[in-house]
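This one's a predicted model, so the numbers in the text were calculated from it and none came from an experiment.
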Amino acid sequence: LKIFKGKHTFTIGTHNEFFKFRNLFINNFNGRWRFASMDNFYNDFPRQFDVSYSANKSVNDKPAAEFKAAQLGFYVQDEIQFNRKFRLTAGLRVDVPVISTKPGYNKIVDSTFNGEYNTSNTPNGQLLFAPRIGFNYDVEGNRDLVIRGGVGIFSGRIPFVWLSNQFGGTGLLLKTTSQTDNTPTAAPFDVNGGNGFEPDVNAQSSIGSSGASFETNLIDKKFKLPQVLRFNIGMDAKLPGGVNLTIDALYSKTINNVLYKDVNLTAPVGNVDPTYNNGADDRIAFAGSTSARRKNPAITNALLITNTNKGYTYNIGFTVNKTWKNLFAQIAYNHNGAADVNSGASSTALSQWEFVQVVGDPNNPSLANSNYMLKHRITSMVTYSINWARHLKTSIGLFYAGNSGQVFTYLVNGDLNSDGRFGNDLIYVPADASQIKFVDRLNSAGTAVVATAAQQAAAVEAFVDNDPYLSKMRGKYTERNG
């Protein structure tokens, strides 16, 4: 609804969406097996095993997360045209997520955490206020130079796939078995009782204490859906020779972003084994056995989605273009920086938690470069058009896009801090060769030396020296997406 009154143009409206979800995704349904090395793989010494399966196969072999929801949006805006040069726009949007279905209640979870967390909680009915204000200033009144900008809070679409984890992960629909062995070649064998890999997908659920354990996904009672505070400023200018220039700068500060924790993980018991690096790496470590690092041994992981206000992103860019009679040419550049605690790159709670790389505590990840950061991007295009007749036209175009490389992380191939997850431990870069201990590497038969300890140490030193990032991180831990 638009209302015109003098210099004001009022807009009042609502945007509402209604959903019915059925998300059938069972993580590791056919079993997930991991091995520490190719030798362990060939000799059948698994290091980790995970499987999820129906808690009641006779009723439903593949239960799905099913729920109904809505996203209600209401907005009001006042556009004020002070004069032909200056316009101010102010508005307020309120989004209301409605989760009309409740996840099942699991009393084991409630009692384990003394009522602090329960499986039935959802962010139903919370109010997401998003005030915004912006301006547009035509300096000369002829569009030769326009300055524009604004500030506001933005919510975006509700990530219902994350919320669906709470419906499928109550521990009532699915059971989970998770086994880890940091010394898979020596007794006691914690994965499959030392029987090695089980190739039969139908037998995966019978490994371990079948039906005795489960994973649960929880939502913090104070959880807020993601929001950012965003500032932007820009300029559009017509330069001599018919050249158009646009410059934009944007900065977003996190108000609420997602943070995942395994609240079933017990407190650390000390530091990592100093044997590896003569004590130079002193990160915290958790209990070595699966049962000892669980508050409740019947719960494999209790994954809580909560909030963090750490994080930001910025973009600075420009676009230059010009149009001739039959030719159009344009070039654009953008510089981006972004940091977060969790990039929200997955759809499942376990992946959201276990694939965030840390130094010690997986429940307290540091602010680091985002998965989505792309420092430099340049695009250009040229198009040429020929008008053959009134309704007949041919256009030929060339487009180029180039960008800096994607971010990546240097990791330990293993579970160095004994949190039960592999591939989430950042490496310690030795200050010198004395801060990392090597042993002779033997062939698969163990009868001949393939590489001596000294040769391996020299190779690592050379690799670090020749890597610009690692060489400046000597004596420190690598960073996620560093």
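- Side chain of Thr177 to backbone of Asp50: no donor-acceptor contact under 3.5 angstrom is found.
- Ring geometry, Trp162 versus Tyr260: the interplanar angle exceeds 60°, so the pair is classed perpendicular (tilted spans 30 to 60°).
- Rounding to the nearest 0.5 Å gives a distance of 10.5 Å between CD1 of Ile396 and OG1 of Thr383.
- Side-chain contact annotation: Asp432 with Ser434, donor-acceptor N/O pair under 3.5 Å present.
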Worked verdict on Asp467 versus Tyr410 for side-chain hydrogen bond (donor to acceptor under 3.5 Å, both in side chains): CA-CA 12 Å; Asp467 186 290; Tyr410 287 100; 2.5 Å; yes
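- Under the 3.5 Å distance criterion, the side-chain polar atoms of Thr478 are matched with a main-chain donor or acceptor of Ile427.
- Cation-pi contact between Arg230 and Phe154: present, with separation from the ring centre below 6.0 Å and deviation from the ring axis of at most 45°.
- A side-chain donor from one of Ser385 and Ser395 sits under 3.5 Å from a side-chain acceptor of the other.
- Listed by chain and number, the residues in a side-chain contact (heavy atoms from CB on, under 4.5 Å) with Asn403 are Leu374, Arg377 (sequence neighbours excluded).
- Residue-environment remark: CZ (Phe74) exceeds the threshold of 12 foreign heavy atoms within 6.0 Å.
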Derivation and outcome, side-chain contact (heavy atoms from CB on, under 4.5 Å), residues Val263 and Tyr117: CA-CA 9 Å; Val263 293; Tyr117 313 115; 3.9 Å; yes
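- Judged as a ring-ring contact (aromatic ring centres under 6.0 Å, His included), and not counting sequence neighbours, the contacts of Phe86 are Phe82.
- Atoms NE2 and OG, from His335 and Ser404 in turn, are 9.0 Å apart once rounded to the nearest 0.5 Å.
- Between the Thr308 side chain and the Lys310 main chain, a donor and an acceptor come within less than 3.5 Å of each other.
- Under the 3.5 Å distance criterion, the side-chain polar atoms of Thr89 are left unmatched by any main-chain donor or acceptor of Glu79.
- Counting heavy-atom neighbours within 6.0 Å of Trp388 CH2, excluding the residue itself, gives a total of 12 or less.
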Stepwise side-chain contact (heavy atoms from CB on, under 4.5 Å) check, Leu350 with Glu215: CA-CA 9 Å; Leu350 181 60; Glu215 174 190 313; 3.9 Å; yes
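- From Thr180, atom OG1 reaches atom CG of Asn182 across 7.0 Å, with rounding to the nearest 0.5 Å.
- Residues Ser343 and Asp340 have side chains that bring a donor and an acceptor to within less than 3.5 angstrom of each other.
- Within the model, atoms CD of Glu354 and CG of Asp419 stand 9.5 Å from one another, a figure rounded to the nearest 0.5 Å.
- The number of heavy-atom neighbours closer than 6.0 Å to NZ of Lys85, taken from other residues, nucleotides and ligands shown, is above 12.
- Using a 3.5 Å distance cut-off with no hydrogens or angles, the side chains of Ser52 and Asn28 do not pair a donor with an acceptor.
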Check against side-chain hydrogen bond (donor to acceptor under 3.5 Å, both in side chains), Asn334 and Asn315: CA-CA 7 Å; Asn334 185 74; Asn315 289 277; 3.0 Å; yes
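- Side-chain contact annotation: Thr14 with Asn16, donor-acceptor N/O pair under 3.5 Å present.
- Checked by atom type and distance alone, the side chain of Arg93 never pairs as donor or acceptor with a backbone atom of Ala130 at under 3.5 Å.
- Using a distance-only test at 3.5 Å, with no hydrogens or angles considered, a donor-acceptor pair links the side chain of Gln456 to the main chain of Ala451.
- Here the side chain of Gln352 pairs a donor or acceptor atom with the backbone of Ser346 at under 3.5 angstrom.
- Between Phe167 and Phe67, the ring planes are parallel. Angles under 30° get that label, and only those over 60° would be called perpendicular.
- Proximity of Phe463 to Leu470: side-chain heavy atoms (C-beta onward) are separated by under 4.5 Å at one or more points.
- Atom CG of Leu303 and atom CG of Asn165 lie 8.5 Å apart (nearest 0.5 Å).
- Considering Asp78, Leu1, Val76 in turn, Asp78 is the only one that fulfils the side-chain contact (heavy atoms from CB on, under 4.5 Å) rule with Phe10.
- Taking the ring centroids of Tyr314 and Tyr251, they lie at or beyond the 6.0 Å cut-off.
- Checked options Asn23, Asn217, Thr348; the residue passing with Ser164 is Asn23 (criterion: side-chain hydrogen bond (donor to acceptor under 3.5 Å, both in side chains)).
- Asp220 and Asn307 are not linked by any side-chain donor-acceptor pair at a separation below 3.5 angstrom, with hydrogens and angles left out of the test.
- Taking the six-membered ring for Trp and the full ring otherwise, Phe19 and Phe160 have centroids separated by under 6.0 Å.
- Under the 3.5 Å distance criterion, with hydrogens and angles disregarded, a donor-acceptor pair is assigned to the side chains of Thr11 and Lys2.
- Using modelled atom types, no side-chain atom of Asn136 and backbone atom of Arg148 make a donor-acceptor pair closer than 3.5 Å.
- Under 3.5 Å, the side chains of Asn264 and Asp262 contain no donor-acceptor pair of N or O atoms.
- Within 6.0 Å of NZ on Lys253 lie more than 12 heavy atoms contributed by other residues, nucleotides or ligands.
- In this structure, a donor-acceptor pair under 3.5 Å is present between the side chains of Asn363 and Trp353.
- With 3.5 Å as the limit, one finds a donor-acceptor pair spanning the side chains of Asp236 and Thr246.
- We find the OG1-CD1 distance between Thr394 and Ile386 to be 6.0 Å, quoted to the nearest 0.5 Å.
- Listed for the Ser347 side chain is no donor-acceptor partner under 3.5 Å among the backbone atoms of Val161.
- Under a 3.5 Å cut-off, the side chain of Thr254 and the backbone N or O of Asn257 do not form any donor-acceptor pair.
- Annotation: Lys476, atom NZ; neighbour count of heavy atoms from other residues, nucleotides and ligands within 6.0 Å does not exceed 12.
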